[in-house]
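One structure below.
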Number of protein chains: 2
Amino acid sequence: MEKHLKSKVTINRLCYKGLDVFAQKGYHNTNLNDILRELCLSKGAFYHHFKSKEDFFVYIVQNLVAQKIYALLVEPLSAQEDPLSAIMESLDKALEPGKSNELIYGFMLGDFLTELDGKQEQISAYLKDILQMWEVNMIGMLKTGKLDGHIARHIDCEGVAAYIISSYLGMRTMKMNHNPKQAKYQYLQQLRHYFNSLRPTAVRA
Amino acid sequence: MEKHLKSKVTINRLCYKGLDVFAQKGYHNTNLNDILRELCLSKGAFYHHFKSKEDFFVYIVQNLVAQKIYALLVEPLSAQEDPLSAIMESLDKALEPGKSNELIYGFMLGDFLTELDGKQEQISAYLKDILQMWEVNMIGMLKTGKLDGHIARHIDCEGVAAYIISSYLGMRTMKMNHNPKQAKYQYLQQLRHYFNSLRPTAVRA
DNA sequence: ATGGCGACCGACCCGGCGGTCGGTTTAAGT
DNA sequence: ACTTAAACCGACCGCCGGGTCGGTCGCCAT
């Protein structure tokens, strides 16, 4: 039974380190040797647990990334009655300069998609699935929010969700070097302006 | 003198095809052989004109991409007195499903940056320069627009510019597969809402 | 103890691709 | 006409990195 445990530990070490390196360098730029050297593991160990580099990556995406996205960005949307406040708060939290510095899960989704779309359709399908999970959930919340009077009736919820996610993903590309603190503040500030334009009282423009 | 001309023609063919392939497949995924085969040129021809793949790429970015960005997204900002209308119109035009289908120059800037940042600092510096040219220009226009009463006085122009560009870049990542017509419409619609929240009359929210 | 199997090792293979280099063609100068 | 150098050719190199494979070690069941 200790065998089984050791296996799990190794797989976990591989995945977390893999996520780290993939997030930093992208899929193609990452080579297994580097990961393995840092973990003091061999090629054999890797290919004992994973079928290929692609298999490895997909495993990471479907487990670590998807879970984190859900916990950070999807699930919190149901916490409040007002969807715009809920979105605001979830993004605020998601942009908190986290523990393992710079591992902002929403961002890397966009990065991977950008890199792999076109080529590697297989993989990007999984990535798109995750993004879509986020999107449809947000749309749903916006729609109920509209019924509850938190959002003006003429607003296109699909468009709003797409716009929010777009700005969130694009922010990473823009503000990579700058200090994250200020970038976050600026971003949330503008988002707040935008949200105000969606409120029922702010109709007529 | 015909020699010189022929050289220019070859360089042009290489660059346009290169831009095309780079935009589709990204920097690392693109290999020179493919480009050369399609153009019926040899390795020798390529390395006669360019020092390396990186040199080639930078040349394309600094010439074709930078010029196009300027013509499409920077220069039009000065065309109107109201910066928000000018930005709106420039993005509208930039998103027009263009001639050589799918060659949306603003997008590929973001794509390249996403792929190359971290690794390839050299190249991404050039990319960032172009983005920044766009950004500072937009900020300038917003500030004069504020003085002219087109924008509310409490608005943070830097934040607005960053937010606009972010949403523009991020939109590509999100809406890659969907029909561009609808995506464009949705995007511009939301941008309009956002812009309304920046107007002086729309203050108080 | 012993057989077996799962975890792991690391030398090796091999294809792809960036880059090189000696050679050939062709246009331009004299 | 002869030279010169440019544009261009394409076989070749060498490295890098994903993937393979025969082998070792040690836990566990019988």
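Every chain is numbered from 1 and lettered A, B, ... according to where its sequence line falls, protein lines coming before strand lines.
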Query raised in the report: What nucleotide, of D/dG10, D/dG19, D/dA7, holds the atom closest to the side chain of B/His48?
Result: D/dA7
**Report entry** Atom-pair distance (CG on B/Asp55; C1' on C/dG18), nearest Å
**Finding:** 14 Å
Query raised in the report: Out of D/dA7, C/dC8, D/dG19, which has the shortest distance to the side chain of B/Ser7?
Result: D/dA7
Report task. Measure from CG on A/Asn33 to C1' on C/dA11 and round the result to the nearest Å. Result -> 13 Å
Report summary line: Whichever of A/Gly44 and A/Tyr27 has the more 5' nearest nucleotide on DNA chain D, that residue is A/Tyr27
Query raised in the report: Between A/Ser42 and C/dC8, is there a side-chain N or O to OP1/OP2 distance below 4.0 Å?
Result: no
Report task. Would you indicate, yes or no, if C/dA7 has its OP1 or OP2 atom less than 4.0 angstrom from a side-chain nitrogen or oxygen of A/Thr10? Result -> no
Query raised in the report: Does the ring of A/Tyr27 carry A/Lys53 above it, NZ/CZ under 6.0 angstrom from centre and within 45° of its axis?
Result: yes
Report task. Describe the nucleic acid contact of B/Lys53 in one word from base, sugar-phosphate, nothing, applying a heavy-atom distance below 4.0 Å. Result -> sugar-phosphate
Query raised in the report: Would you say the base of C/dG6 and the side-chain of A/Lys6 have a donor-acceptor pair closer than 3.5 Å?
Result: no
Query raised in the report: Within a reach of under 6.0 Å around OH of B/Tyr70, are more than 12 heavy atoms found that belong to other residues, nucleotides or ligands?
Result: no
**Report entry** OP1 or OP2 of D/dG17 under 4.0 Å from side-chain N/O of A/His28
**Finding:** no
